[in-house]
Chemist: 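Take this structure first; my questions come after.
Below, read A as the first sequence line, B as the second, and so on, with proteins coming before strands; counting in each chain starts at 1. Not measured: the values here are computed from a predicted model.
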Amino acid sequence: MPGLVPLVEAAFAPLFDQLRPGAPALVRVSQRADYQVDGALPLAKALGRPPREVAEEVLAKAWEGDLAALCEKAEVAGPGFINLTVSAEAMAAQLAVLRPGASGLGAPRPDRTLRVVVDYGGPNAAKQMHVGHLRSSIIGDAIVRMLEAVGHEVVRENHIGDWGANFGMLVEHLVDLGEDRAAHELAMGDLEGFYQAARAAYEADPGFAERARARVVMLQSGEPGTMALWRSLVDASVNHFDQDFHRLGVKLSRDDVVGESYYNPMLDRVVSELSEAGLLVESDGALCVFPPGFANRDGAPLPLIVRNSAGGYTYAATDLAAVRDRTERLRADLVVYVVGLPQSQHLAMVFEVARMAGWLTRGEQLVHVGFGNVLGPDGKMFRTRQGGTVKLSELLAEAEERARSVVVGRTGGTAQDLAGDVDEVVRAVGTGAIKYADLSTDRVRDYRFDWDRMLSLDGNTAPYIQYAHARVLSIFRRAGEATRLAERSGDFLPPADPEERELAKALLSFGEAFADAVDGFAPHKLCGYLFDLASQFTRFYEKCPVLNAPAADLVRSRLALCAATGAVLATGLDLLGIQAPERM
RNA sequence: GCCCCCGUAGCUCAGUGGACAGAGCGGCCGCCUUCUAAGCGGAUGGUCGCAGGUUCGAACCCUGCCGGGGGCGCCA
């Protein structure tokens with residue numbers, strides 16, 4: 001596997017372990033050298049020896065081993081840090097190992113392939129997708145892509161809200177409109193309007209409300225006519241979701257829809273299993289489980305209500321059934337819930353109840369990958385100027401419109417280079433900007449939606465990285481050869497210029513950045529890396545002529561650096577679900 | 001009242017135990033005869049919310065407090 005940190009790690013880890021089993025080497029990139037090894041400090045404390053002495057000893061042994069082949073300089077500094085300067089030859093040798101694709105570029109290979117179910121806490125049927133659903137789709141998509149790239153087997157499940165009391169009112173509204181007109185309206189895409197109209201009727205007309213309630217009963221009893229109407233509503237919604245997902249460019253489709261209704265047949269069994277496990281308690285007419293560690297307003301135990309006093313199953317029951325289904329039928333080793341942070345307590349309770357019920361016998365992990373809200377530029381919840389929710393389709397349309405004016409309006413006309421690809425570039429830049437803005441900050445924070453910033457070519461943005469990538473390809477177009485990374489791998493000279501050296505280091509750090517991102521379900525770590533790589537490349541590009549380099553072998557070597565950069569940028573962006581246009 | 005998340009430069013954010021805390025934007029000063037200047041370089045800018053504690057070492061871990069957001073039994 002390419003990469004420098006693993007080599008340094010390999011050179012030092014056994015030595016620390018030898019002095020004290022389990023003692024880590026603590027290898028990190030350094031600001032004072034290339035890498036630093038910090039393990040001597042905590043180890044010295046444990047051994048009761050001076051830290052510098054321990055560091056000297058470890059370094060001497062390492063140097064006798066493989067380190068001399070890797071580094072041109074190694075010294076103990078400060079209280080006991082080991083600073084390493086990698087030789088240019090070793091860098092060139094490592095660069096030559098790079099191959100196309102995530103794993104060839106250093107992606108980690110886990111010791112066990114996991115079966116992972118990723119739950120996108122989906123939108124509600126009969127409602128429009130809006131910004132609130134953006135984060136789940138975008139973050140979930142990036143996580144799925146990363147997990148797949150390291151070799152895990154991923155099952156996507158879009159857990160849409162396609163069941164519940166609301167559907168009584170929606171079906172009844174559909175009946176009032178007449179099926180034909182309703183079908184037309186739903187096909188036109190005005191799901192929000194349909195929902196609002198149903199809601200309004202429910203609140204204003206007691207007769208309608210009564211019929212809606214009766215309709216809920218018919219729905220729950222599976223009355224065929226009602227079911228058919230319900231199905232048509234759900235289908236219409238899924239059609240729209242499918243379009244939005246396609247347009248967003250996420251790996252989600254109608255095939256991944258596993259709505260709440262799917263679990264209806266399993267709910268009785270879930271409840272009886274909980275009952276057999278002795279977990280079920282009746283309280284005020286509702287069936288509850290009281291997992292320890294959760295308290296309500298008054299300090300009393302907080303229930304997870306699986307069936308309400310009216311005899312209806314709650315979403316807690318559905319979520320528990322989903323855990324059962326995923327671990328049992330799908331044999332999931334890991335279930336990742338890409339769901340907003342406000343659900344954290346609910347999910348924690350569901351996870352705990354699943355554990356108490358004895359459903360997790362194979363060491364299955366249930367993980368909540370939570371995220372914050374989308375805020376407008378003013379720092380408040382993101383809304384339209386009129387105060388309504390922003391529809392996803394309109395948001396994407398605006399992104400492309402803004403991206404177009406940025407792309408086409410640049411430098412007076414070099415956009416002609418784009419030829420007929422303008423639409424494609426505009427799409428890649430627009431949706432890429434939105435996705436990257438979302439992914440590039442720690443997901444647990446609320447994130448501020450700001451058109452100007454996300455579409456800027458300066459700073460940690462998608463367009464900046466895409467631009468760096470396009471510049472790489474521009475060099476190859478000019479060189480008039482379709483150079484591929486694999487064909488270039490023998491051409492690296494030891495990097496001599498500081499800009500070459502820094503670029504090489506960045507290229508060889510992909511593996512660590514990717515591993516950190518995937519381990520922590522933290523796409524922003526990959527974003528930060530890509531921004532750093534793009535920055536290093538741009539500096540290199542400014543200082544080091546490629547095609548006009550003074551010697552033929554230097555031209556080839558720099559072309560090889562460019563090829564590797566292009567490969568890492570394109571691969572990294574792809575892992576985030578972002579396209580890398582050839583020209584901008 | 002209890003629980004969870006957040007609080008780092010004017011703004012937006014990285015960094016969550018290791019050596020003087022980083023980046024982008026905005027403002028200031030420079031750089032296009034030469035592969036895309038949609039760019040690059042430089043200078044400036046911080047009591048890491050506050051106070052204790054643990055540690056050889058704390059923005060990072062622990063406790064308390066302050067500020068912002070969210071959650072806390074029959075909606076999902």
Chemist: Tell me which nucleotide among B/rU36, B/rA19, B/rC13 gets nearest to the side chain of A/Ala470.
Modeler: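 From the listed options, B/rU36 comes nearest.
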Chemist: Hunt down the Watson-Crick or G-U wobble partner of B/rU54, both distances under 3.5 Å, from any strand shown, or write none.
Modeler: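 In the structure as shown, B/rU54 has no Watson-Crick or wobble partner.
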Chemist: Which whole number of Å gives the distance between the P atom of B/rA59 and that of B/rG49?
Modeler: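 Straight-line distance between the two P atoms is 10 Å.
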Chemist: Aromatic ring centroids of A/Tyr120 and A/His159 under 6.0 Å?
Modeler: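 No - the distance between ring centres of A/Tyr120 and A/His159 does not fall below the 6.0 Å cut-off.
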Chemist: Given that both distances must come in under 3.5 Å, which nucleotide forms a Watson-Crick or G-U wobble pair with B/rC65?
Modeler: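 When the pairing criteria are applied, B/rG49 turns out to be the nucleotide that pairs with B/rC65.
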Chemist: Decide, for B/rC11, between syn and anti: a glycosidic angle within 90° of 0 counts as syn, anything else as anti.
Modeler: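 With its glycosidic angle more than 90° from zero, B/rC11 counts as anti.
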Chemist: B/rG45 and B/rC62: how far apart are their C1' atoms, nearest whole angstrom?
Modeler: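 After rounding to an integer number of Å, I get 33 Å for this pair.
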Chemist: Could you go through nucleotides 22-29 of chain B and list every protein N or O atom that sits under 3.5 Å from one of its N or O atoms, giving the distance for each pair?
Modeler:
from, atom 1, to, atom 2, distance (Å)
B/rG22, OP1, A/Gln31, OE1, 3.4

Chemist: If you go through the side-chain atoms of A/Gln36, does one of them form a donor-acceptor pair with the base of B/rA19 closer than 3.5 Å?
Modeler: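 Checked by distance alone, the answer is yes.
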Chemist: Using only heavy-atom distances, decide whether a donor-acceptor pair under 3.5 angstrom links the side-chain of A/Thr538 to the base of B/rG39.
Modeler: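 Per atom types, no contact qualifies.
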Chemist: Excluding sequence neighbours, so at least two apart, what forms side-chain hydrogen bond (donor to acceptor under 3.5 Å, both in side chains) with A/Arg28?
Modeler: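 Partners of A/Arg28 by the side-chain hydrogen bond (donor to acceptor under 3.5 Å, both in side chains) criterion, ordered by chain and then number, come out as A/Asp38.
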Chemist: Could you tell me the Watson-Crick or G-U partner of B/rC2, where both distances fall under 3.5 Å? Say none if there is no partner.
Modeler: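 Answer to the pairing question: B/rG71, which forms a Watson-Crick or G-U pair with B/rC2.
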Chemist: Between A/Lys127 and A/Ser237, is there a side-chain heavy-atom distance shorter than 4.5 Å?
Modeler: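 No, every pair of side-chain atoms sits at 4.5 Å or beyond.
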Chemist: Between OH of A/Tyr541 and OG1 of A/Thr565, what distance do you get to the nearest 0.5 Å?
Modeler: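 Answer rounded to 0.5 Å: 13.0 Å.
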Chemist: Would you measure the distance from the C1' atom in B/rA9 across to the matching atom in B/rG22 and give it in whole Å?
Modeler: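 Nearest-Å result for B/rA9 against B/rG22 at atom C1': 10 Å.
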Chemist: Pick the nucleotide of RNA chain B nearest each of A/Ile305 and A/Gly78; which residue has the one closer to the 5' end?
Modeler: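 Checking each residue's closest nucleotide, the 5'-ward one belongs to A/Gly78.
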Chemist: Searching all strands shown, indicate the nucleotide that pairs with B/rA19 (Watson-Crick or G-U wobble; both distances under 3.5 Å).
Modeler: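 Result: none.
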Chemist: I'd like to know whether the aromatic ring centres of A/His368 and A/Phe351 sit less than 6.0 Å apart in this structure.
Modeler: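 No, they do not, as the ring centres are separated by 6.0 Å or more.
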Chemist: Which nucleotide sits closest to the side chain of A/Thr314: B/rA76, B/rA19, B/rU36?
Modeler: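 Nearest nucleotide to the side chain: B/rA76.
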Chemist: Are any of A/Arg28's side-chain N or O atoms less than 4.0 Å away from OP1 or OP2 of B/rA19?
Modeler: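 Yes.
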Chemist: Is the shortest side-chain N/O distance from A/Arg443 to OP1 or OP2 of B/rC5 below 4.0 Å?
Modeler: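 False: A/Arg443 side-chain N/O out of range (4.0 Å or more) of B/rC5 OP1/OP2.
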Chemist: For nucleotides B/rC25 and B/rG69, find the distance between their P atoms and express it as a whole number of Å.
Modeler: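 Rounded to whole Å, the distance is 31 Å.
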Chemist: A/Gln536 has an atom CD; how far is it from atom P of B/rC40, in whole Å?
Modeler: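 Atom-to-atom, A/Gln536 to B/rC40, this comes out as 11 Å.
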Chemist: Give a yes/no verdict on base stacking between B/rG18 and A/Phe81: centres under 5.5 Å, planes within less than 30° of parallel.
Modeler: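 Not stacked by the 5.5 Å and 30° rule.
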Chemist: Taking protein heavy atoms under 4.0 Å as touching, what does nucleotides 53-70 of chain B look like 5' to 3' if B marks base contact, S marks sugar-phosphate-only contact and - marks none?
Modeler: ---S-------------S
Chemist: Could you measure between the two C1' atoms, the one in B/rC20 and the one in B/rC48, and give it in whole Å?
Modeler: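 15 Å, rounded to whole Å.
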Chemist: With distance as the sole criterion, is a donor-acceptor pair present between the side chains of A/Asn308 and A/Tyr313 under 3.5 Å?
Modeler: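 No donor-acceptor contact under 3.5 Å links the two side chains.
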Chemist: Say whether A/Tyr529 and A/Asp516, considering side chains only, have a donor N or O and an acceptor N or O under 3.5 Å apart.
Modeler: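 The criterion, which ignores hydrogens and geometry beyond distance, is not satisfied for A/Asp516 and A/Tyr529.
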Chemist: Counting only heavy atoms not in A/Glu582 (residues, nucleotides, ligands), do more than 12 fall under 6.0 Å from its CD?
Modeler: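 Not more than 12 within 6.0 Å, no.
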Chemist: Could you tell me if A/Asn166 and A/Tyr195 have a donor-acceptor pair between their side chains, going purely by distance under 3.5 Å?
Modeler: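 Short answer, yes.
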Chemist: I want to check one thing: is the phosphate of B/rG15, taken as OP1 and OP2, less than 4.0 Å away from some side-chain N or O of A/His524?
Modeler: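 Affirmative; the distance criterion is met.
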Chemist: How far does the P atom of B/rA21 sit from the matching atom of B/rC50, given to the nearest Å?
Modeler: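 Pairwise P distance, B/rA21 against B/rC50, rounds to 16 Å.
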Chemist: Does A/Arg445 place a side-chain N or O at less than 4.0 Å from the phosphate oxygens OP1/OP2 of B/rU12?
Modeler: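 No, no such contact exists.
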Chemist: Check this one for me: any side-chain N or O of A/Tyr464 less than 4.0 Å away from OP1 or OP2 of B/rC40?
Modeler: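 Indeed, a polar side-chain atom of A/Tyr464 lies that close.
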Chemist: Between A/Glu260 and A/Phe290, name the one whose nearest nucleotide on RNA chain B is closer to the 5' end.
Modeler: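 So the residue in question is A/Phe290.
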Chemist: Look only at the side chain of A/Thr314 and the backbone of A/Ile305, and say whether a donor-acceptor pair between them is shorter than 3.5 Å.
Modeler: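 Answer holds: yes.
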Chemist: Taking atom P in both B/rU47 and B/rG57, what distance in whole Å separates the two?
Modeler: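 Those two atoms are separated by 24 Å.
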Chemist: Say we look at B/rA14 and B/rC75: how far apart would their C1' atoms be, to the nearest angstrom?
Modeler: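 That atom pair is separated by 38 Å.
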